Amino acid sequence: ESGKKGYYCSDCKSEMIAYKGEKKRAYFGHVSGSMCSGGEGPAHEYTKLRIRDFLKDIDYEGMKFQNVCVENTINVGDKQYRIDTYAELWGHRLYIEVVDSHGVSDEKRNALGNNLIEIHITEKSWGEIVDSGSAMIQTYHQIMTKMIELQADGEIEKQLSLYQKKIEEEDRIQSVR
């Protein structure tokens with residue numbers, strides 16, 4: 001029954017609440033305010049670590065992400081939010097949330113604003129998630145599109161476009177093998 005309380009997280013021991021959506025499978029969520037990240041499935045964990053490694057590996061013509069990490073806690077006003085993958089580029093913060101069993105709350109989405117990127121894996125099979133080409137190329141496109149939005153500068157857009165072509169060519173070569 002949705003809204004039912006009296007359940008507790010096996011990781012942090014804080015109270016959980018039952019949710020039964022019309023569009024999503026039933027799940028439990030922490031009562032508001034919990035910073036626990038326990039209970040993430042292997043697809044969620046794998047995806048956020050893969051994004052972290054992907055961002056750390058980018059070093060192209062002055063484009064290098066800084067302070068790349070997973071499970072970073074940030075303060076926005078008087079609230080704290082846990083971010084799946086965090087990175088900075090050209091003075092802009094990127095908050096990357098992997099969406100699996102349930103989406104990012106409206107409160108968190110509003111607090112993080114335009115710097116939030118949601119990577120949806122709910123409908124993907126495990127094979128699609130671990131496929132080295134397609135999943136990361138889609139993620140890469142989302143991240144680069146966001147960076148262009150945040151930093152509307154002709155030279156930066158040119159660098160991103162060249163890097164995008166390089167990645168697509170490497171992916172094409174890898175898929176031919």
Side-chain angles (χ1 to χ4, degrees), residues 9 11-12 14 27 29-124 126 128-153 155-157 159-161 163-164 166-167 170-171:
C9 176
D11 290 325
C12 72
S14 67
Y27 65 96
H30 286 86
V31 173
S32 182
S34 172
M35 295 303 293
C36 181
S37 64
E40 293 178 348
H44 187 134
E45 184 73 16
Y46 178 86
T47 302
K48 72 182 179 187
L49 293 173
R50 184 94 188 269
I51 291 169
R52 178 204 58 197
D53 294 346
F54 177 74
L55 293 176
K56 280 185 169 187
D57 287 346
I58 294 175
D59 188 0
Y60 180 76
E61 307 252 338
M63 184 173 66
K64 182 158 180 62
F65 286 89
Q66 304 294 318
N67 301 317
V68 180
C69 60
V70 295
E71 295 301 327
N72 190 32
T73 300
I74 62 157
N75 296 312
V76 178
D78 62 346
K79 298 268 186 177
Q80 287 189 324
Y81 299 95
R82 176 82 48 131
I83 307 300
D84 283 337
T85 306
Y86 172 87
E88 297 172 7
L89 181 63
W90 303 313
H92 294 283
R93 296 176 178 184
L94 273 183
Y95 311 117
I96 303 169
E97 285 293 308
V98 177
V99 178
D100 189 4
S101 61
H102 59 280
V104 176
S105 71
D106 289 339
E107 176 189 318
K108 187 175 188 178
R109 186 178 292 112
N110 291 334
L112 301 180
N114 199 33
N115 294 34
L116 172 66
I117 300 173
E118 295 179 55
I119 307 296
H120 293 267
I121 64 169
T122 306
E123 302 299 322
K124 295 188 184 308
W126 180 248
E128 290 174 300
I129 290 169
V130 298
D131 174 33
S132 61
S134 63
M136 287 316 296
I137 283 293
Q138 289 174 345
T139 299
Y140 161 79
H141 283 294
Q142 282 184 267
I143 293 168
M144 292 300 111
T145 299
K146 181 61 71 177
M147 291 314 302
I148 290 170
E149 286 174 21
L150 293 174
Q151 187 75 26
D153 177 298
E155 184 57 33
I156 290 170
E157 194 168 342
Q159 286 179 0
L160 290 172
S161 177
Y163 186 72
Q164 181 174 343
K166 176 183 176 224
I167 291 292
E170 288 173 2
D171 187 52

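As the structure is a computational prediction, the values presented were derived from the model and not from experiment.
Proximity of V68 to I51: side-chain heavy atoms (C-beta onward) are nowhere separated by under 4.5 Å. Side-chain contact between L94 and I117: present, with at least one pair of heavy atoms (C-beta onward) separated by less than 4.5 Å.
Atom CG in N114 sits 14.5 Å away from atom CZ in R93 (nearest 0.5 Å). The structure places OH of Y95 at 8.5 Å from CD of E88, a figure rounded to the nearest 0.5 Å. Atoms CD and CG, from Q66 and L55 in turn, are 11.5 Å apart once rounded to the nearest 0.5 Å. The distance from the OG1 atom of T47 to the NE2 atom of H120 is 12.5 Å, given to the nearest 0.5 Å.
Not one N or O on the side chain of T85 forms a donor-acceptor pair closer than 3.5 Å with the backbone of V70. D84 contributes no side-chain N or O that, together with a main-chain N or O of K48, makes up a donor-acceptor pair within less than 3.5 Å. Looking only at distances, no side-chain donor or acceptor of N72 sits under 3.5 Å from a matching main-chain atom of Y86.
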Passes side-chain contact (heavy atoms from CB on, under 4.5 Å), Q80 versus I74? Steps please. CA-CA 6 Å; Q80 287 189 324; I74 62 157; over 6 Å; no
Derivation of the side-chain contact (heavy atoms from CB on, under 4.5 Å) call for V104 and L116: CA-CA 10 Å; V104 176; L116 172 66; 4.3 Å; yes
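Ionic pairing of K108 and E97 is present here: one or more N-O contacts between side-chain nitrogen and carboxylate oxygen are shorter than 4.0 angstrom. Residues R109 and D106 are paired through a salt bridge, judged by an N-O separation under 4.0 Å between the basic side chain and the carboxylate.
Summarising the geometry of L89 relative to K64, their closest heavy-atom pair is CD1-O, 3.5 Å, with the distance given to 0.1 Å.
For D78, there are no salt bridge (charged side-chain N to carboxylate O under 4.0 Å, His left out) partners at least two apart in sequence or on another chain.
Between Y81 and E107, the side chains place a donor N or O and an acceptor N or O closer than 3.5 Å (distance only, hydrogens not considered).
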